Every structure is written in structure tokens, then in C-alpha cells.
Amino acid sequence: MDYVLGPGIQDFQVQLGNRQRRIDMLFPLTDTALIVEYDGAHWHLSREEADWEKSRAMSAGWHQYRNNIVVRVREHPLDPLEYLDVCVPRRPSPLICTRLTLSTFCTPALACLVSVSTGSLPS
């Protein structure tokens with residue numbers, strides 16, 4: 001994903017409300033951050049509410065990133081929590097996760113949002 005989006009920051013620490021939280025991957029754009037969270041089935045089964053609340057807090061933004069895009073990569077059998085979430089098979093390779101996640105950005109609405117955030121127009 002670094003190749004397509006530019007350098008990302010792994011395990012980014014941020015203060016969300018009164019809690020210190022860890023973001024799996026943060027891709028800084030201009031005033032927006034693309035946040036990618038990986039939800040493995042073993043650790044996230046029956047944690048839908050906590051995952052959803054964390055996504056909402058990250059979407060609200062902080063400091064220089066005011067309008068964030070959150071994509072959760074959810075391992076089968078986990079269901080998506082939001083419309084941008086990506087479902088992947090059990091124990092997927094990093095390549096499969098990357099391909100499925102990047103295919104999410106091929107939607108016109110998201111492509112425009114990312115383009116506006118980076119200051120470039122989609123081609």
C-alpha cells in the first residue's frame with residue numbers, strides 16, 4: 001500500500017477522547033488520514049461494538065487530520081461494520097489483503113475524496 005499511497009505509519013499512537021489508541025496503519029494525506037485497521041477473526045469475534053466505536057472516534061479526526069477515512073480489513077467470518085470495510089478470507093496473505101483493500105478505493109466517490117485530500121485529480 002505504501003507504493004500506491006505513499007509511506008504509511010504502522011502502529012500509530014493517538015489520543016482519542018480520554019483514551020490512548022493504536023492505529024494499525026495510518027496513511028497521511030493533506031488534511032485527511034487514511035486509516036486501515038486489520039481485524040483478525042480470532043481477536044475480534046464478538047467485538048463489533050468496540051470496533052465500531054473505535055472507527056467512529058477515528059473518523060471524527062484529531063489535530064491536523066480532521067476528516068479521516070477508516071477502512072477495516074475484516075477476516076472471515078467477521079462481517080463488515082461500515083460500507084468501506086473489506087472482507088478477506090481466513091489467514092490471507094498480505095498481498096491478498098492489499099489487493100482487496102486497494103480495490104475498495106476504485107469506487108468513484110472514494111477516489112474523489114482521496115484525490116481532493118491529496119490535492120490531485122483522479123486520472
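These numbers were taken from a predicted model, which means no experiment stands behind them.
Counting only heavy atoms from C-beta outward, the side chains of P94 and Y38 never approach each other to under 4.5 Å. Looking at P80 and R72, their side chains never come closer than 4.5 Å, going by heavy atoms from C-beta outward. Looking at heavy atoms from C-beta onward, L34 lies in side-chain contact with V71 at the 4.5 angstrom threshold.
Summarising the geometry, atom CG belonging to L45 is positioned 11.0 Å from atom CG belonging to D39; distances are rounded to the nearest 0.5 Å. Annotation: the span from S55 atom OG to E48 atom CD amounts to 12.0 Å, rounded to 0.5 Å. To the nearest 0.5 Å, atom CD of residue Q10 and atom CG of residue D24 are 8.0 Å apart.
One N or O on the side chain of R74 and one on the backbone of D79 form a donor-acceptor pair closer than 3.5 Å.
In the hydrophobic clustering of this structure, V36 groups with L102; members are Ile, Leu, Val, Met, Phe, Trp, Tyr whose side-chain heavy atoms approach within less than 4.5 Å, directly or through other members. The same ILVMFWY cluster, assembled from side-chain heavy atoms under 4.5 Å apart, contains both I9 and V70. Tracing side-chain contacts under 4.5 Å through hydrophobic residues (I, L, V, M, F, W, Y), one never reaches W52 starting from Y83; they form parts of separate clusters. L100 is not connected to L95 by any chain of hydrophobic side-chain contacts under 4.5 Å among Ile, Leu, Val, Met, Phe, Trp and Tyr, and they are in different clusters.
Considering E49, E82, E37 as possible partners of K54, the one that fulfils the salt bridge (Lys or Arg N to Asp or Glu O under 4.0 Å) test is E37. Remark: of the listed residues I69, V14, I23, L26, I23 is the sole one forming a side chain to side chain contact (heavy atoms under 4.5 Å, CB included) with M58.
The two residues L78 and A41 have their closest heavy-atom pair at CD1-CA, 3.8 Å. A pairwise comparison of heavy atoms in Q13 and Q20 identifies CB-NE2, 3.2 Å as the closest pair. Among all heavy-atom pairs drawn from N18 and Q15, the shortest one is C-NE2, 3.3 Å. Smallest separation of non-hydrogen atoms from P92 and V88: CG-CG2, 3.7 Å.
More than 12 non-hydrogen atoms from other residues, nucleotides or ligands lie less than 6.0 angstrom from CZ of R22. Within 6.0 Å of CZ on R56 lie no more than 12 heavy atoms contributed by other residues, nucleotides or ligands.
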